[in-house]
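These notes concern the structure reproduced below.
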Amino acid sequence: MAASPAPSPQPGPGDGVRPAGSPPGGERESDPPRRIAHLDMDAFFASVELLEHPELRGLPVVVGGRRALVASRGDGLPRLKDYAGRGVVTTATYEARAFGVHSGMGLMKAAALAPEAILLPAHFEAYSRVSRAFKAAATAVAPRMEDRGIDEIYLDLTDLADDSLALARQLKAAVREATGLTCSIGITPNKLLSKLASELQKPDGITILGLEDIPARIWPLPCAAVNGIGPKATERLKTSGILTIGDLARADPAWLVAQFGPSYGAWLHAAALGRDDRPVVTVREPKSISRETTFERDLHPRLDREELSRILLDLCERLAADLARKGYRTGGVGIKLRYDDFTTVTRDQVLPEPVADAGSLRQTARACLRRVPLDRRLRLLGIRAGHLLTEAGYQAHRAQAGARREPGLFPELEG
DNA sequence: TCTGGGGTCCTAGGACCC
DNA sequence: TCTGGGGTCCTAGGACCC
């Protein structure tokens, strides 16, 4: 079953977004109208690369692939047609998208569409730096910000004085001043609609919508435009003749629930009507930290045992470094394997004591590996740290555990 | 021309406890 | 020799997102 992005308090019958002036004395007071912005950087990674390579402006440029592989061919600028490997397109400029190239597409396939496009390796440090800069610029205008990844944010504008168009212009000016880059902004009463709105006039656009605009502006869009309706749900909806958000809005809610389950079915109905009361979440603790790698060639668990062992150690060391840098311990370690047929398995194990060092991670990963079939070649190995505990949380955990055992027996060994 | 790496959330069964 | 129901935790898989 498809996941629903926080369907929020289950919209009951007749509930959801209450019309302005809903009956007094109801169970809940009418929520105050909100103003939520979604700010999305335009072709972010590619645009950052163009800051470094202004001479490539106007050309089809694709960012993706591993640096060593990308850089190893040719003397001039690497072309997509020179690439051989398992990379995917991370971002493409609008000129490259005109050839049908899009994010997530295999680079080999992209090369068939746009062989002469420039291929640049990703520079994640640079993107992170620019990401911090645009977020700082945006929060200087609108402080209540929800981080949605490296290139997009939500902002709660509800309590700000200026009108929405003025705020959008201020945000775009601030982002451009700080980074030299353009973004697109949607402003509506909720996150769902704002996310849709910011896409409507990309790049460099501003789109402000009210609930009254839903039939004309939202309903003609394909279902897949909704954040939370992915490839599987799109396909299932299509087989029932539901192609647009408007089709979905007209579908019988009971039928949707029967087809997609109580949670997702109800959410689909609410989403099609533009109903969404999720708050802008300004602080969040991570739930897990992970590292994974796809091999350049498929590896056999026995024949390539040493190489796999080296790769596992490397992943554990990098994960341990991540934990140390971010100040977490993990109380549960998991592994992920992808076989040559692309099937994926995971194994998890909770730990009696939280750990953070590479050796403990590796030991637990090996225990997990013993529970998994190792009879065919692998293309990916990953390791994940869950049940995260901050250093403060860990001290509290230790104090509790210590109190439960022999209190004060070895005080010199305690924290 | 097969399909990266980092995440979140949901479901569902079984164990275990009350 | 049987019979509940609820609650939480653990585990595995999968959809989805950036």
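Just so it is clear: chains get the letters A, B, ... in the order the sequence lines come, proteins before strands, and each one is counted from 1.
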Counting only N and O atoms by type, is there a donor-acceptor contact under 3.5 Å from the side chain of A:Arg35 to the main-chain atoms of A:Leu160?
->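 Yes: the side chain of A:Arg35 pairs with the backbone of A:Leu160.
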Counting any heavy atom closer than 4.0 Å, what does [X] reach on the DNA or RNA strands: base, sugar-phosphate only, or nothing?
{"X": "A:Val226", "result": "sugar-phosphate"}
{"X": "A:Thr293", "result": "sugar-phosphate"}
{"X": "A:Val89", "result": "nothing"}
{"X": "A:Val350", "result": "sugar-phosphate"}

Among A:Asp348, A:Thr330, A:Thr346, which one satisfies side chain to side chain donor-acceptor pair (under 3.5 Å) with A:Arg384?
-> A:Asp348
Hey, is [X] close enough to [Y] for a salt bridge, meaning N to O under 4.0 Å?
{"X": "A:Arg376", "Y": "A:Asp341", "value": "yes"}
{"X": "A:Arg377", "Y": "A:Asp340", "value": "no"}
{"X": "A:Arg291", "Y": "A:Asp322", "value": "yes"}
{"X": "A:Asp304", "Y": "A:Arg297", "value": "yes"}

Please state whether the phosphate of [N], meaning OP1 or OP2, lies under 4.0 angstrom from any side-chain nitrogen or oxygen of [X].
{"X": "A:Thr346", "N": "C:dA12", "answer": "no"}
{"X": "A:Arg284", "N": "B:dC9", "answer": "yes"}
{"X": "A:Ser290", "N": "B:dG7", "answer": "yes"}

Identify which nucleotide among [options] has an atom closest to any side-chain atom of [X], counting heavy atoms from C-beta outward.
{"X": "A:Ile289", "options": "B:dG4, B:dG7, B:dT1", "result": "B:dG7"}
{"X": "A:Tyr264", "options": "C:dA12, C:dC16, B:dT8", "result": "C:dC16"}
{"X": "A:Asp348", "options": "B:dG4, C:dT11, C:dC16", "result": "C:dT11"}
{"X": "A:Arg347", "options": "B:dT1, B:dG4, C:dA12", "result": "C:dA12"}
{"X": "A:Thr294", "options": "B:dG4, C:dA15, B:dG7", "result": "B:dG4"}
{"X": "A:Arg371", "options": "B:dT1, C:dT11, B:dG5", "result": "C:dT11"}
{"X": "A:Lys287", "options": "B:dT8, B:dG4, C:dC17", "result": "B:dT8"}
{"X": "A:Arg291", "options": "B:dG6, C:dG13, B:dC2", "result": "B:dG6"}

Value in whole Å for how far the [atom2] atom of [N] lies from [atom1] of [X]:
{"X": "A:His387", "N": "C:dT11", "atom1": "NE2", "atom2": "C1'", "value": "10 Å"}
{"X": "A:Asn227", "N": "B:dT8", "atom1": "CG", "atom2": "P", "value": "16 Å"}
{"X": "A:Asp298", "N": "B:dG4", "atom1": "CG", "atom2": "P", "value": "11 Å"}
{"X": "A:Glu152", "N": "B:dT8", "atom1": "CD", "atom2": "P", "value": "15 Å"}
{"X": "A:Arg86", "N": "B:dC2", "atom1": "CZ", "atom2": "P", "value": "10 Å"}
{"X": "A:Lys109", "N": "B:dG4", "atom1": "NZ", "atom2": "C1'", "value": "16 Å"}
{"X": "A:Arg148", "N": "B:dC9", "atom1": "CZ", "atom2": "P", "value": "9 Å"}
{"X": "A:Leu337", "N": "B:dG5", "atom1": "CG", "atom2": "C1'", "value": "16 Å"}

Within 45° cone and under 6.0 Å: A:Arg338 NZ/CZ vs A:Phe342 ring = yes
Of residues 374-386 of chain A, the positions that come close to DNA chain B - non-hydrogen atoms, cut-off under 4.0 Å |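 Going residue by residue through residues 374-386 of chain A, the ones with a heavy atom under 4.0 Å of DNA chain B turn out to be A:Arg379, A:Leu380.
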Determine, stepwise, if the pair A:Val62 / A:Leu120 fulfils side-chain contact (heavy atoms from CB on, under 4.5 Å).
-> CA-CA 6 Å; A:Val62 168; A:Leu120 298 177; over 6 Å; no
Could you check which nucleotide pairs with C:dC18 in any of the strands shown, counting Watson-Crick or G-U wobble with both distances under 3.5 Å?
-> B:dG5
Flag the pair A:Arg169 / A:Leu171 as yes when at least one side-chain heavy-atom distance between them is below 4.5 Å, and no otherwise.
-> no
Does the aromatic ring of A:Phe342 sit over the six-membered base ring of B:dC2, closer than 5.5 Å centre to centre and tilted less than 30°?
->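 Taking the rule of under 5.5 Å and under 30°, the ring of A:Phe342 does not stack on B:dC2.
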Determine the interatomic distance between P on C:dC18 and the same-named atom on B:dT3; round to the nearest Å.
->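 These two P atoms come out 23 Å apart once rounded.
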When the nearest nucleotide of DNA chain B is assigned to A:Ser103 and to A:Asp322 on a heavy-atom basis, which residue is associated with the more 5' position?
-> A:Ser103
